[in-house]
Structure formats: structure tokens, C-alpha cells
Amino acid sequence: MIKFFRKILQKMLSENKFSKYLPYAIGEIVLVVIGIMIALQINNWNNNHQLEKLEQKYLTEIRNNLQTDLPDIKFNIAFNESRLKSNEIVLRYLNREISYSDSLKFHFGNLFYTTRTLPNLSAFENLKARGLEIISNDSLRQNITSLYSFSYHNVIDFEAQDDHQFQYGLFIPEVSKALNIETVWENAEPIDQLSLLENNQFKNMITMNIHLRKYMIANYMDLKKKVEFSIVQIQDELSN
């Protein structure tokens, strides 16, 4: 089309008909501008399409990572619930609310140790390196960032700095002094029942451990709820 206008231009110039050429010159300019605009729009569309595909890729990977995290979080909840129940039963024995029986051996053996959260961070770290703004949904982007930057770290930091230090620095040494441990999590009994009933330090440790187990369970339950919500939110975004 542009070549066509150029041929007309050359003919008109040779015939000194410049005034008649002007509309065609304007038309040629308009066509060039339209062509540039169309090319830019196609380029923008291609770029946006590539970004959308990249966003879907990262969201899919994050969703998959979160789905693999859930069993670990559920295990942590169940593990702590079991420890909590045994500590509460042993405390009842120490308070002379129940009598000693062989069934207590399981609970004495099931008093201690804690859990460790091991999230799969690979997809989120890759997203951060690429740029979080690639997630176009503001609410989803903020939720994912909060989950990985705060919620996970809050649980992990408390595990390492508080619960683990209590377990390995105070609680397990105290339990080891008071109990004959035959099988961890299965079988233990007091070295001296009468002394144990009078051992306020041991009782205090059990009481503190009960509070810690309740707190850890609440943390894991909250994390589980946030992970499940994020999975649903990501799936909705991918579906849309």
C-alpha cells in the first residue's frame, strides 16, 4: 500500500501536482502510524502473554510446594497432640489424681522431644529472584509473601529459639534423671516413684511442657489454616 502511494507521489511531482499529492502524503503517514501502533500492540500482547504463562508456572509450583508441606504440618500437630496428652496424664499422676499403673509406662516414655518445620521454599525463592510483582493479583501476592516471610518463619524461629532449647536444654535432662527409659515414645518408668511424687522440679517441667505443647499446636494449626487458604486462593487464580 505504501509503495502504491509512493508511485502516485512520483507521478504527481513529475506533473507539478503537489497540492493533489498532499492528501495521499497524509494518508501514507497515517498508515505508517497505524502500522507502528499495531506492531506495538502485538508486541505488548506477546509480552503480556509470556508474563501470564510465567505467572501460572510460578503459582503452580508454589501450590505444589504448599501441598507437599501440608503432611509435614499435620504430622507436627499429631506429634504434639500425642505429647500433650501424655504430659497431662503424667501430671495427673504427679498430682495424685490417678494411681500408678502399667499403662503409665507409655505416657512416661512419650513425654519429650519436639518437631521441626521443613517447608519447601524453592518455588517462592525463584519467584523472589524473578520479581514478586509478576503475580498480578495484589491480594494473592500479599498473602503468599506474608505466608513465606512471616508465618513460616514465626513457627520455625519459635521452634529453634524456644521449644528446642527448652526440650534439649532443660526438659530432657530432667526427664532422664527421673525416669528409666526403656523405649523412647513407648516405655519408661520412674526410677523411684515416691521421690518422683515429691519432685517439684519435675512437676514444674511437665507443667511448662504442657503449655509449650499447647502453644506449638496452636501455631501449627494456624499455619495449616493459612497454607490451605493459600492453596485454594492460588487454585482459584489459576482457574480464572
| field | Distance, nearest 0.5 Å, that separates OG of Ser82 from NZ of Lys85 | value | 8.0 Å
| Derivation of the side-chain contact (heavy atoms from CB on, under 4.5 Å) call for Glu97 and Leu91 | CA-CA 9 Å; Glu97 296 174 10; Leu91 184 61; over 6 Å; no
| field | Value rounded to 0.5 Å, distance of CD1 in Ile134 from NZ in Lys128 | value | 15.5 Å
| field | Inter-residue atom distance Ile77.CD1 - Asp72.CG, 0.5 Å rounding | value | 10.0 Å
| task | Evaluate the side-chain contact (heavy atoms from CB on, under 4.5 Å) criterion for residues Ile89 and Ile98: first the C-alpha distance (whole Å), next the side-chain angles of each, then the deciding distance (0.1 Å), finally the verdict. | result | CA-CA 9 Å; Ile89 290 174; Ile98 58 175; 4.1 Å; yes
| query | Going by heavy atoms in the side chains, are Leu196 and Phe108 under 4.5 Å from each other? | reply | yes
| said: Using a 3.5 Å distance criterion without hydrogens, assess whether the side chain of His164 forms a donor-acceptor pair with backbone atoms of Tyr113. | reply: no
| query | What about Tyr168 and Phe202, same hydrophobic cluster or not, with Ile/Leu/Val/Met/Phe/Trp/Tyr joined at side-chain heavy-atom distances under 4.5 Å? | reply | yes
| Can you tell me if Ser176 uses its side chain to pair, donor with acceptor, with the backbone of Ile172 under 3.5 Å? | yes
| message | For the CG atom of Asp157 and the CG atom of Asp163, what is their distance to the nearest 0.5 Å? | response | 13.0 Å
| said: Is there a side-chain contact (heavy atoms from CB on, under 4.5 Å) between Lys105 and Tyr100? Walk through the geometry before answering. | reply: CA-CA 9 Å; Lys105 291 182 179 181; Tyr100 185 85; 3.7 Å; yes
| field | Sub-4.5 Å side-chain heavy-atom contact between Ile135 and Tyr58 | value | no
| Which heavy-atom pair separates Ile234 from Leu66 by the least distance, and what is that distance? | CD1-CD1, 4.2 Å
| message | Hydrophobic cluster membership, with links at side-chain heavy-atom distances under 4.5 Å among I/L/V/M/F/W/Y: are Val232 and Ile144 in one? | response | no
| field | Check: His107 and Glu88 side chains under 4.5 Å, non-hydrogen atoms | value | no
| query | Taking Asp222 as the fixed residue, which of Lys224, Lys226, Lys225 is the one that meets the salt bridge (Lys or Arg N to Asp or Glu O under 4.0 Å) rule? | reply | Lys226
| task | Could you check Arg141 against Asp138 for side-chain contact (heavy atoms from CB on, under 4.5 Å), going step by step and ending with a plain yes or no? | result | CA-CA 5 Å; Arg141 182 176 63 254; Asp138 292 341; 2.6 Å; yes
| Do Ile231 and Leu118 belong together in a cluster built from hydrophobic side chains that touch within less than 4.5 Å? | no
| For the atom pair CD1 (Ile62) and CG (Leu121), what is the distance rounded to the nearest 0.5 Å? | 10.5 Å
| task | Flag the pair Val227 / Ser151 as yes when at least one side-chain heavy-atom distance between them is below 4.5 Å, and no otherwise. | result | no
| query | Looking only at heavy atoms, which two atoms of Met208 and Phe166 are closest? And how far apart? | reply | CE-CE1, 3.7 Å
| said: In this structure, would Tyr93 and Ile191 fall into the same cluster of hydrophobic residues linked by side-chain contacts under 4.5 Å? | reply: no
| Going by atom types alone, do Asp162 and Tyr215 pair a side-chain donor with an acceptor below 3.5 Å? | no
| request: Ignoring hydrogens and angles, tell me if any N or O in the side chain of Asp69 forms a donor-acceptor pair with the backbone of Asn120 under 3.5 Å. | output: yes
| field | Ile206 to Val90 - nearest heavy-atom pair and separation | value | CD1-CG1, 4.4 Å
| Is the shortest heavy-atom distance from the side chain of Leu170 to the side chain of Met205 under 4.5 Å? | yes
| Is any side-chain heavy atom of Val155 less than 4.5 Å from a side-chain heavy atom of Asn76? | no
| said: Are Leu132 and Phe124 packed together at the side-chain level, in the sense that at least one heavy-atom pair is separated by less than 4.5 angstrom? | reply: yes
| query | Okay, side chain of Asn143, backbone of Ser139: is any donor-acceptor separation there less than 3.5 Å? | reply | no
| task | Of all the heavy-atom pairs spanning Phe112 and Trp185, show the shortest one and how long it is. | result | O-NE1, 3.4 Å
| To the nearest 0.5 Å, what is the distance between CZ (Arg92) and CG (Leu94)? | 12.0 Å
| message | Looking at every heavy atom in both Leu111 and Phe171, which two are closest together, and how far apart are they? | response | O-CE2, 3.5 Å
| Whether Ser86 side chain and Arg83 backbone form a donor-acceptor pair below 3.5 Å | no
| query | Do Glu61 and Lys57 sit within salt-bridge range, that is, some charged N less than 4.0 Å from a carboxylate O? | reply | yes
| Side-chain heavy atoms of Thr114 within contact of Leu212, under 4.5 Å | no
| task | Run through Thr207, Asn110, Asn209 and flag the one making a side chain to side chain donor-acceptor pair (under 3.5 Å) with Asn87. | result | Asn209
| note | Taking every heavy atom of Glu237 against every heavy atom of Ser136, the minimum-distance pair comes out as OE2-OG, 4.2 Å
| Quick one: does Asn154's side chain have a donor or acceptor within less than 3.5 Å of a partner on Phe150's backbone? | no
| request: Would you please say whether a donor-acceptor pair under 3.5 Å links the side chains of Glu81 and Tyr220? | output: no
| Short N-O contact, Glu174 and Lys177, less than 4.0 angstrom | yes
| said: Please tell me whether Leu140 and Phe229 are part of a single hydrophobic cluster in this structure, the criterion being side-chain heavy atoms less than 4.5 Å apart. | reply: no
